[in-house]
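Worksheet for the structure shown next.
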There are 2 protein chains.
Amino acid sequence: MTDMTIGKVADVVGVGVETIRFYERRKLIEQPPRPREGGYRIYSDATVRRLHFIRRAQELGFSLREIAELLALRDAESNQADASDVRQRAMAKLHDVDQKIEQLRRIRQGLAALVDCCPGQGPLQCCSIFDALEQNAGPTGEPIISEETDMQTIRLSIGGMHCGGCEEIVRHVLEQQTGVKGCSVSHESGEARVAVDESRISDEQLAEAVRGAGYSANIMNTTE
Amino acid sequence: MTDMTIGKVADVVGVGVETIRFYERRKLIEQPPRPREGGYRIYSDATVRRLHFIRRAQELGFSLREIAELLALRDAESNQADASDVRQRAMAKLHDVDQKIEQLRRIRQGLAALVDCCPGQGPLQCCSIFDALEQNAGPTGEPIISEETDMQTIRLSIGGMHCGGCEEIVRHVLEQQTGVKGCSVSHESGEARVAVDESRISDEQLAEAVRGAGYSANIMNTTE
DNA sequence: TTAGTGCCCGTACCACGGTACGGGGTCAAG
DNA sequence: CTTGACCCCGTACCGTGGTACGGGCACTAA
């Protein structure tokens, strides 16, 4: 697996050859060694892994700049240069990630609201998505239906989900409940996280709703 | 509220004047009427609503191209267009967002772990994000821990996918093939990345499998 | 009528994340 | 030692979603 030329690496990682050179110019990866001046680049496994990292992080919405920062974090870590600095930067990144998640969650709510309010059949005139989007909403892109209250995240352990379809069902059930602002469901982890106004619904009521759909559900308590 | 000039409209909608002209060039909005040749643009309420729509849809993660498609759907009053189509698109977007959130959550955990176990100084090997992201896996996050074989990422250009459902079908087909370890499929980019053991299946076989499901497929690998 | 906005248009430019090209050099198999 | 695939480098170019500039009209209030 070692000692690959650029073309091989590109194949393995799933990017173009030019892209790898581009990353090199951007200092995302270091210049690989070559046998002689002007010879071919020879890539180590470490660099290949680094490239995998870059690609995956990109899929998560990190920009190349941010990825460079993440990588710098790790590089610094192995040098154990300024451990406290690393920690600082890791915390900053953590904050970034939290914000990203929050923003996506807002987007998700908006989309879920759209999907819910559309009949899903019949002529376009019946589709409320257009109407909903024509409303003059807040500049921050606040969800269309939003009254700020004391939100909590409840985690449920759910059994019996085997596929994305099950996920959808559970999500739908949860979102039907009053007080539920949004949720994410994963059949892989068998877990749901529900953003909820606890003054309007209890965790046990949520679990019961899920059970009503044919799955098992337990409260996982202590959110973080 | 009617009969606004471009500056007023820009204020109301919350975009720049140039941006409105830009949308006009991009045919997202039609040329508004003017009193005389070379006179000022006069915008109707309908156009203002259209601009709101564009803004909101953008905030939800739709590209201008996708927004143009949505608008075209409505403009073509042909009744051929169906609310379910619009709903499909929203759901596909929703699905994208869900996946992204779930993965960001993983990253968050990794970063949090890094911060936690990095109180002052010392070597830290607990950086699970880095390890996690270095795996060659689909964005569904299946942890494809390397049982070292000659794995490769094959990229396929796939035509005919219009929604998240198509994505699912293609993903399913690909994952059924022997030698396929994982894949990510995007109907937006019309592309699939397949992590595969090339000693067990050829790229052409993969493409053929996709075609068998009713889509077009071409191998994108650089320098086949 | 005249000053002062505001808008007209075309064109240029920006950051981002690559992709393409072209004229050459490298490398390994036959 | 030739052939053909692969790689070298620099530079130019692409789509996306805008923003900026600048000379010249359109409108409006004094």
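Residue numbers begin at 1 in each chain, while the letters A, B, ... track the order of the sequences.
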Q: Check the pair Gln58(B) / Ser63(B) against side-chain hydrogen bond (donor to acceptor under 3.5 Å, both in side chains), numbers first and verdict last.
A: CA-CA 6 Å; Gln58(B) 253 190 318; Ser63(B) 69; over 6 Å; no

(Q) What does the B/S/- profile of nucleotides 18-30 of chain D look like, 5' to 3', with a 4.0 Å heavy-atom cutoff to protein? (A) BBBB----BS---

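With rounding to whole Å, Lys8(B) atom NZ is found 13 Å from dC7(C) atom C1'. The CD atom of Gln31(A) sits 17 Å away from the P atom of dC7(D) (whole-angstrom rounding). If you take CD1 of Ile6(A) and C1' of dC27(C), they are 16 Å apart, rounded to a whole angstrom. When rounded to the nearest whole Å, the span between CZ of Arg65(A) and P of dG18(C) equals 14 Å. If you measure from atom CG of Asp11(B) to atom P of dT5(C), you get 17 Å, rounded to the nearest angstrom. If you take CZ of Phe62(B) and C1' of dT16(D), they are 17 Å apart, rounded to a whole angstrom. The CG atom of Leu51(B) sits 15 Å away from the C1' atom of dG17(D) (whole-angstrom rounding). Computed from coordinates, the Met4(A) CE to dA5(D) P distance equals 22 Å when rounded to whole Å.
OP1 or OP2 of dC8(C) lies within a sub-4.0 Å distance of a side-chain N or O belonging to Arg41(B). Residue Thr5(B) places at least one side-chain N or O closer than 4.0 Å to OP1 or OP2 of dC7(C).
Contact record, Arg55(A) with Gly14(A): CD-O, 4.2 Å, taken as the closest heavy-atom pair. The nearest pair of heavy atoms linking Ile54(A) to Ile67(A) is O-CD1, 3.6 Å.
Note on Arg21(A) versus Glu24(A): no salt bridge recorded, every NZ/NE/NH1/NH2 to OD/OE distance being 4.0 Å or above.
Looking only at distances, no side-chain donor or acceptor of Arg26(B) sits under 3.5 Å from a matching main-chain atom of Arg65(B).
Residue Leu71(B) holds its CG atom at 10.5 Å from CD of Glu69(B), rounded to the nearest 0.5 Å.
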